[in-house]
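Below is one structure; the comments refer to it alone.
Start at 1 and go down the list; that is how both ligands and their atoms are numbered. We number each residue from 1, following the sequence as shown.
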Amino acid sequence: METPNVGDKIADIDTPSMIVDLDLMEGNIKKLMDKLLPTGLDIRPHLKTTKSAILANKLAKAGAKGGCVTKVSEAEVIAAAGFDDLHITCPIVGPAKVRRLVELFRKYRQVRIVVDSEIGASAINDALAKSGIEEPILTLIDIDVGLHRTGVKPGQPAMELIKYVGGLEHLKIIGVQGYEGHLQHLHDYEDRKTQCLESMRILTSTAESFRQAGFNIQVVTTGGTGTAEFCASVPGVTELQPGSFIFMDTDYRNAVGTFYSNSLTILSTVVSKQGPRAVTIDAGLKSLTTDSGMAECSDPRYKYNEFGDEQGSLVWEEGTPDLAVGDRVMIIPSHIDPTINLHDVYYAYRGGVIEEIWPVDSRGKVQ
Ligand code: PLP
Ligand code: MN
């Protein structure tokens, strides 16, 4: 099999391939860091987007402090690939997963977890008690700040949970997490801001009530690409978790604008002409997800539609230059995280030449 190498021209590689414009990606990282590092908050990018230890290290070099993953299996591969300052953002439940967590923690002591239930917390505590590991695992209480996905309800339920967790020898409480995922893609700036500030009020006041009850709450972690700047403006927030900003997608661009650039595209080839203003390209559902709407051609004159598993179509208005069999196009994904999960590697290029090749380490790691 012919595999592309560093130094090859993007124009020569097989398709569909996932390609990254390095200038644009580096620009996105710089824009985020320039905006958020001066706030003094820790930036802990969510690696559910890149799924890459190499990119986690690049972000750390630019000023990030650690990274987030959602699942234990992601943490396993990202840590093994060389980046182990990891916060797992989803509660870890079930005997098999808890056993995996214990083995992960045996190897990588920086790993942090969240809990949102007594059942979940006590199972992890029991497993750690049996493991012979003396050091407690750093633990945050996950608070529901409006997404209703995970997180204990604020107020009395949260207070009861932290008091319970406070009595567990192998869990060391260091903070709270509250993720306002339902707000990230709200198109109206003022609406997104107002609702985010309300979520932050819930999160920071919960943290404060925990402190008053005697708990040592150092970390208050939250935020995504669509809200990080609002979260950063709230006293009491200490850490931000944006992920998608590094590559963006059409859904995020439509919501938050073009401050960050679409730096990742799927390079595709026209394989068939289907009429005067229609062609078929080799990127379909197995190359691009459509959960957030259709992807877009980087040249907006050509409209993309999926054409089943393996192909897509491009159509255009009269007067637009024709596409012909063999032409190559770049397609911008509508939702970056699950699209990256469909690919083995990134080809990162500058000036049309591949400069770096990065594996998608945690591709398929959903457990
Ligand atoms: N934090 C958590 C808990 C998330 O689930 C996500 C994304 O879903 C993020 C942060 C990052 O958000 P984004 O990719 O929208 O920047
Ligand atoms: Mn996403």
Mark yes or no: Lys35 above the aromatic ring of Phe259, with NZ or CZ under 6.0 Å from the six-membered ring centre and no more than 45 degrees from the axis.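 Pair Lys35/Phe259 counts as cation-pi.
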cation_pi(Arg211, Phe215) dist<6.0 Å, angle<=45: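 Not satisfied by the 6.0 Å and 45° rule.
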For ligand 1, which atoms, with element, lie under 4.0 Å from some heavy atom of [X]?
{"X": "Thr225", "result": "13 (P), 15 (O), 16 (O)"}
{"X": "Gly243", "result": "11 (C), 13 (P), 14 (O), 16 (O)"}
{"X": "Gly224", "result": "12 (O), 16 (O)"}

Short question: side chain of Ser263, backbone of Leu24 - any donor-acceptor pair under 3.5 Å?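 Not at all, since once roles are kept as given, no pair shorter than 3.5 Å links the two residues.
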Under the 3.5 angstrom rule, does the side chain of His343 hit a backbone N or O of Ser287 as a donor-acceptor pair?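 Side chain of His343 to backbone of Ser287, a donor-acceptor pair under 3.5 Å: yes, one is there.
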Say whether Glu180 and Thr227, considering side chains only, have a donor N or O and an acceptor N or O under 3.5 Å apart.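 Note: Glu180 and Thr227 side chains meet the donor-acceptor criterion.
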Could you tell me whether some N/O pair between [X] and ligand 1 is separated by less than 3.5 angstrom?
{"X": "Gln184", "answer": "no"}
{"X": "His185", "answer": "no"}
{"X": "Pro242", "answer": "no"}
{"X": "Ser244", "answer": "yes"}

Contacts of the Mn ion (ligand 2) with protein N/O/S atoms, counting only those under 2.8 Å: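 Atoms qualifying: His335 NE2, Asp337 OD2.
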Heavy atom under 4.0 Å from ligand 1: found in [X]'s side chain, backbone, both, or neither?
{"X": "Tyr252", "answer": "side chain"}
{"X": "Lys48", "answer": "side chain"}
{"X": "Thr89", "answer": "side chain"}

Specify whether His335 and His185 have parallel, tilted or perpendicular ring planes, treating 30° as the upper limit for parallel and 60° as the lower limit for perpendicular.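 Rings of His335 and His185: perpendicular, as their planes differ by over 60°.
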What residue and atom, counting heavy atoms only, is the protein's closest point to atom 12 (O) of ligand 1, and at what distance?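 Nearest protein contact, heavy atoms only, for atom 12 (O) of ligand 1 is Tyr179 OH, 3.3 Å.
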Check: Val20 and Glu356 side chains under 4.5 Å, non-hydrogen atoms: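 Glu356 does not reach Val20 side chain to side chain.
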For the pair Lys286 and Glu310, find out whether any cationic side-chain nitrogen is under 4.0 Å from an anionic carboxylate oxygen.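 Yes.
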Residues Glu76 and Lys365 bridged, charged N to O under 4.0 Å: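 Answer for the salt bridge query: no.
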Heavy-atom pair with the smallest gap, counting every atom of Pro235 and Thr204: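 Between these two residues, the closest heavy atoms are O-CG2, 3.7 Å.
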So which heavy atom on Pro4 is nearest to which on Ile357, and how close?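 Heavy atoms of Pro4 and Ile357 come nearest at O-CD1, 3.4 Å.
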When you measure from atom 5 (O) of ligand 1 to each heavy atom in Gln241, His46, Arg149, which option holds the nearest one?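 Going through Gln241, His46, Arg149 one by one, Arg149 has the nearest heavy atom to atom 5 (O) of ligand 1.
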With the threshold set at under 4.0 angstrom, would you say Gly223 reaches ligand 1 through any of its heavy atoms?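 It does, in that a heavy atom of Gly223 comes within the 4.0 Å cut-off of ligand 1.
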Intermediate values then yes/no, salt bridge (Lys or Arg N to Asp or Glu O under 4.0 Å), Glu198 and Arg201: CA-CA 5 Å; Glu198 172 56 15; Arg201 190 195 60 73; 2.9 Å; yes
